[in-house]
Each structure stands twice: as structure tokens, then as C-alpha cells.
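Have a look at the structure below before the remarks.
One-based numbering along the sequence shown.
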Amino acid sequence: MESENKGLPLLSGNALKVIAAVSMAVDHIGYLILPQITILRIIGRFAFPIFAFMIAQGCRYTKNKKRYLATISVLAAVCQIVYYIADKSLYMCVLVTFSLSIVMIYALQYFKKMVLSPESTGIQRLFAAFVFVLSVTSVYILNRIFIIDYGFWGCMVPVFAALLQPVGAKESECEKKLNHNWLHVLTLSGGLILLAAERGGVQPFSLLAVPLLLLYSGKRGRLNMKYFFYIFYPLHLVVLEGIAMLIYYLK
């Protein structure tokens, strides 16, 4: 995945995801094993904004939108089955959060494409607006029925990051002016502020990830680490859950 955004050439997408993965592991250590050490949960706030930003980037630059959504959704479903077997809980993990985000971003892209296309009719534009509003409303309702990780505003954070992203291979003049990394980070920050206002606690510390996102080079990095990050999420949780259970039984 190569981005056309012009950022400071300091942190590649891989570098940002590694930082996010380490932050996530630290956060889960704090949650599962050492809940009395608050600093671990604060360090963990770096993970969600970075992954949310990269989800928006993935939606923009993926060559196969269906496969991208299917990959995240299938992994989310597998994790949910494991969670239910282990804890009998219907709590929806962050992969469910991001799956819903992807659906809304695709609906947003469709809406923007219809609005910007001179060949679109008024009916087509109204239908595209309806599809986007329906996707957002559906996620809001789902969040009222199930407990989704990071809630409705968490689902919306990647959508905020995608608000000013161009659609289609050929950018309009307006899209070119808006296609800057700092603007995408700015809109994402708006979502983070709404999320922090709703959640409170340590969540406002998620804004500390913003300076790192401003250093995004727009490049993936030399290695294709996509599948590593897909595997890392469930694998590190299995390891940490095992350690937490061992500590519990040894007490």
C-alpha cells in the first residue's frame, strides 16, 4: 500500500503498526495481569488511534475492497467465537469495531463518488446519501444492542480519518488540495475527542498518538507485514489470557 499523502518521511505504516501492536500488548497486560498499574493502560491508548488511522488508509488504497473487509470480518468472527467459548461473553472485540468502520467508509466513498461525478443524477446522489446515513444509523443501533469495543464513536474514528480522502483513481482539484496527511490526522483527532469525551478515564490520552501520525511518511515500509499484524492480535491475547489464568490458579 503506497499513499500519495505528503507527510514527514519518518515513520512508515509498518513502523506505526509496530508501535500500535506494542502499545496494545502493554494495554492488555495492564488490563489482564497488572490492573493496578495505570501507566500501562495510558501507554495502551496509542494503539487504537494508530490502527484506526491505518484502517482508513487501507480502505483508500486496497486493491480489493471486498477481500479487505472479508479478512477483517472473518478474523473478527473467529475471535468472537473463541471469546464466547472462553468467557460466554458477547462483548464485540475491536476487530468488530473496525469491520463496521470499513462498511461505513465504503458507504462514504460511494456517497462522495456520486456527489463528485458530473454524470451522477440527483436520484443517484440521494440514494448514495441514504446508503451512508443508513450505514451510520445501523452501527449506532447495533451499539445499543451489543457492547462493541470503543462504542459508536470508536467505530466512527476511522470514518473521521477518511472524511477528506479522495475517491477514485483520478482526483479532482478540490480533492488534491485536501489530500494531505495533516488534514486526515486532524479529522481523526475530532473523532478521538468525541470518543474521549464519551469514555473519560484514560481515553483522553489517546490524543498523544496524534504527533506520531503526523510523522507518517505515506509509505508502507520495505516488508509486507500485513499477515503478521492479523495474527498478532489473537495470538498475544491467547498468551496473555493463559498467563492471567495461570496466575489466578496459583494464588
Side-chain angles (χ1 to χ4, degrees), residues 16-17 19-57 72 76 79-80 83-84 86-105 108 133 135-164 182-216 233 236-237 240-241 244:
L16 283 170
K17 288 180 181 179
I19 293 171
V22 172
S23 170
M24 179 172 60
V26 170
D27 183 46
H28 290 151
I29 290 172
Y31 179 73
L32 294 169
I33 301 173
L34 300 169
Q36 70 277 15
I37 304 179
T38 306
I39 188 63
L40 298 179
R41 304 305 310 280
I42 292 175
I43 294 173
R45 294 313 96 204
F46 284 84
F48 181 78
I50 294 174
F51 281 130
F53 182 79
M54 299 313 296
I55 284 289
Q57 290 288 304
I72 303 297
C79 290
Q80 286 304 133
Y83 291 160
Y84 184 76
D87 300 327
K88 297 297 185 291
S89 173
L90 290 176
Y91 186 91
M92 300 290 125
C93 70
V94 72
L95 290 174
V96 174
T97 303
F98 288 148
S99 297
L100 296 173
S101 300
I102 293 170
V103 171
M104 289 189 290
I105 289 174
L108 174 64
V133 172
S135 69
V136 174
T137 304
S138 299
V139 171
Y140 179 81
I141 294 172
L142 280 173
N143 184 60
R144 300 298 296 267
I145 298 173
F146 300 99
I147 302 176
I148 300 175
D149 202 13
Y150 289 97
F152 171 73
W153 288 116
C155 296
M156 288 296 296
V157 169
V159 182
F160 273 78
L163 282 176
L164 300 180
W182 70 269
L183 282 174
H184 303 319
V185 174
L186 180 64
T187 55
L188 174 134
S189 300
L192 290 178
I193 291 171
L194 291 170
L195 177 61
E198 178 187 57
R199 294 283 168 132
V202 297
Q203 196 58 49
F205 288 100
S206 63
L207 289 165
L208 294 176
V210 169
L212 291 178
L213 294 174
L214 290 172
L215 300 179
Y216 175 47
Y233 176 76
H236 92 281
L237 281 178
L240 292 180
E241 286 277 8

> Asp149 and Val96: side-chain contact (heavy atoms from CB on, under 4.5 Å), yes or no, with the steps?
Replying inline: CA-CA 8 Å; Asp149 202 13; Val96 174; over 6 Å; no
> For the atom pair OG (Ser99) and CD1 (Ile55), what is the distance rounded to the nearest 0.5 Å?
Replying inline: 8.0 Å
>> Could you report the tightest heavy-atom contact between Cys79 and Cys93, atom names first, then the distance?
In response: CB-SG, 4.2 Å
>> Would you compute the distance between atom SG of Cys155 and atom CG of Leu100 and round it to the nearest 0.5 angstrom?
In response: 5.0 Å
> Going by heavy atoms in the side chains, are Phe152 and Glu198 under 4.5 Å from each other?
Replying inline: no
>> Which residues pass the side-chain contact (heavy atoms from CB on, under 4.5 Å) test with Ile147, not counting sequence neighbours?
In response: Tyr91
> Is there side-chain contact between Leu32 and Glu241, with at least one heavy-atom pair below 4.5 Å?
Replying inline: yes
> Would a 4.5 Å heavy-atom cut-off, applied to side chains only, mark Leu195 and Gln203 as touching?
Replying inline: yes
>> With rounding to the nearest 0.5 angstrom, report the CD to CG distance, Gln80 to Leu95.
In response: 8.5 Å
> CG/Leu192 to CZ/Arg199 distance, rounded to the nearest 0.5 angstrom?
Replying inline: 12.5 Å
>> Could you check whether any side-chain heavy atom of Val26 comes within less than 4.5 Å of a side-chain heavy atom of Phe46, counting everything from C-beta outward?
In response: no
>> With rounding to the nearest 0.5 angstrom, report the CD1 to NE2 distance, Ile33 to His28.
In response: 11.5 Å
> Between Ala25 and Leu240, which heavy-atom pair has the shortest distance, and what is it?
Replying inline: O-CD1, 4.0 Å
>> For Phe160, is there any backbone N or O sitting under 3.5 Å from a side-chain donor or acceptor partner on Thr187?
In response: yes
> Could you walk me through whether Tyr216 and His184 pass the side-chain contact (heavy atoms from CB on, under 4.5 Å) check?
Replying inline: CA-CA 11 Å; Tyr216 175 47; His184 303 319; over 6 Å; no
> Can you tell if the side chain of Val157 reaches within under 4.5 Å of the side chain of Tyr150, non-hydrogen atoms only?
Replying inline: no
> Which residue pairs pass the salt bridge (charged side-chain N to carboxylate O under 4.0 Å, His left out) test with at least one member in residues 34-43, sequence neighbours excluded?
Replying inline: Asp27-Arg41
>> Using the ring-ring contact (aromatic ring centres under 6.0 Å, His included) definition, which of the options Phe98, Trp153, Phe205 pairs with Phe48?
In response: Phe98
>> Is there a side-chain contact between Val136 and Met156 in this structure, where contact means two heavy atoms from C-beta onward sitting under 4.5 Å apart?
In response: yes
> Where is the tightest heavy-atom contact between Leu188 and Leu213, given as atom of each residue plus distance?
Replying inline: CD2-CD1, 3.8 Å
>> What's the separation between atom OG in Ser23 and atom CD1 in Ile42, rounded to the nearest 0.5 Å?
In response: 11.5 Å
> Can you name the closest pair of heavy atoms from Val210 and Ser189 and give their distance?
Replying inline: CG2-OG, 3.4 Å
> Which atom pair, heavy atoms only, marks the closest approach of Ala20 to Ala47?
Replying inline: O-CB, 3.4 Å
> Do Thr137 and Ile141 come within less than 4.5 Å of each other through their side chains, counting heavy atoms only?
Replying inline: yes
> Does some side-chain heavy atom of Phe51 sit less than 4.5 Å from a side-chain heavy atom of Met24?
Replying inline: yes
